[in-house]
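These numbers come from the heavy atoms of this one structure, side chains and all, not from hydrogens, waters or symmetry mates.
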Amino acid sequence: MTEKIRCQSCGMPISQTFGNLGTLADGLNSEEYCSFCFQDGSFTNPNQTLNEMIASSIENMTSEIGMPFEQAKQLANSFIPTLKRWN
């Protein structure tokens with residue numbers, strides 16, 4: 001199985017095929033961040049804290065893909081802090 005490239009802010013799988021790559025200041029695609037987190041070379045929510053991102057991720061995983069809350073909470077708390085933006 002191929003490893004998915006993930007946004008280094010929220011952990012969402014990203015690719016040109018999905019059409020969800022963020023953009024750099026020069027308009028080129030970012031290979032590190034999704035379009036929800038990063039546009040025109042800047043974070044879309046630059047003051048967002050790690051805890052806010054974890055809460056947002058839990059909300060998205062439970063409401064968008066139907067993941068059970070406890071599973072989403074465990075995944076978000078163990079994975080999001082390891083991403084580049086939060087180190």
Side-chain angles (χ1 to χ4, degrees):
M1 182 163 60
T2 305
E3 183 72 20
K4 292 179 182 168
I5 298 171
R6 296 191 174 272
C7 174
Q8 291 299 299
S9 177
C10 71
M12 175 190 300
I14 58 173
S15 78
Q16 237 172 1
T17 304
F18 295 156
N20 67 343
L21 294 174
T23 54
L24 303 172
D26 60 8
L28 295 175
N29 288 330
S30 168
E31 297 292 327
E32 293 185 311
Y33 299 105
C34 76
S35 56
F36 299 104
C37 292
F38 200 75
Q39 295 177 7
D40 301 321
S42 299
F43 288 108
T44 57
N45 188 352
N47 297 318
Q48 186 173 37
T49 66
L50 172 59
N51 286 335
E52 289 169 340
M53 178 58 79
I54 289 171
S56 175
S57 294
I58 293 168
E59 171 64 26
N60 287 336
M61 287 188 283
T62 56
S63 66
E64 297 296 321
I65 62 174
M67 185 179 287
F69 176 81
E70 287 302 320
Q71 183 181 358
K73 180 179 172 184
Q74 190 279 328
L75 182 60
N77 279 294
S78 65
F79 186 66
I80 301 294
T82 69
L83 299 173
K84 182 177 179 178
R85 180 177 182 183
W86 309 111
N87 285 298

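Note on residues 76-87: pairs passing side chain to side chain donor-acceptor pair (under 3.5 Å), not counting sequence neighbours, are Ser9-Arg85, Glu32-Lys84.
Connection of Phe43 to Leu50 is not established within any shared hydrophobic cluster, with ILVMFWY side chains joined at heavy-atom distances below 4.5 Å, either directly or through further cluster members. Transitive grouping of hydrophobic side chains (ILVMFWY, heavy atoms separated by less than 4.5 Å) brings Leu83 and Met53 into a common cluster.
Residues forming a side chain to side chain contact (heavy atoms under 4.5 Å, CB included) with Ser42 (at least two apart in sequence, or on another chain): none.
Here the CG-CD1 distance, from Asn51 to Ile80, works out to 11.5 Å after rounding to the nearest 0.5 Å. How far CG of Leu28 is from OG1 of Thr23: 9.5 Å, rounded to the nearest 0.5 Å.
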Kindly list each side-chain donor-acceptor pair under 3.5 angstrom involving residues 61-72, sequence neighbours excluded, with atom names and distances?
unit_1: Thr62; atom_1: OG1; unit_2: Ile58; atom_2: O; d: 3.0
unit_1: Thr62; atom_1: OG1; unit_2: Glu59; atom_2: O; d: 3.1
unit_1: Ser63; atom_1: OG; unit_2: Glu59; atom_2: O; d: 2.8

Scan the side chains in residues 34-41 for donor-acceptor partners under 3.5 Å anywhere in the protein, sequence neighbours excluded, and list what turns up.
unit_1: Gln39; atom_1: NE2; unit_2: Ser35; atom_2: O; d: 2.8

Cut-off 3.5 Å, no hydrogens considered: what does the side-chain donor-acceptor table look like for residues 10-17, sequence neighbours left out?
unit_1: Ser15; atom_1: OG; unit_2: Thr17; atom_2: N; d: 3.2
unit_1: Ser15; atom_1: OG; unit_2: Phe18; atom_2: N; d: 3.0

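Closest of all the heavy-atom pairs between Glu31 and Ile5 is O-CG2, 3.9 Å. For the residue pair Pro81 and Ala76, the shortest heavy atom distance occurs at CD-O, 3.5 Å.
In this structure the side chain of Ser30 never reaches within 4.5 angstrom of the side chain of Leu21, judged on heavy atoms.
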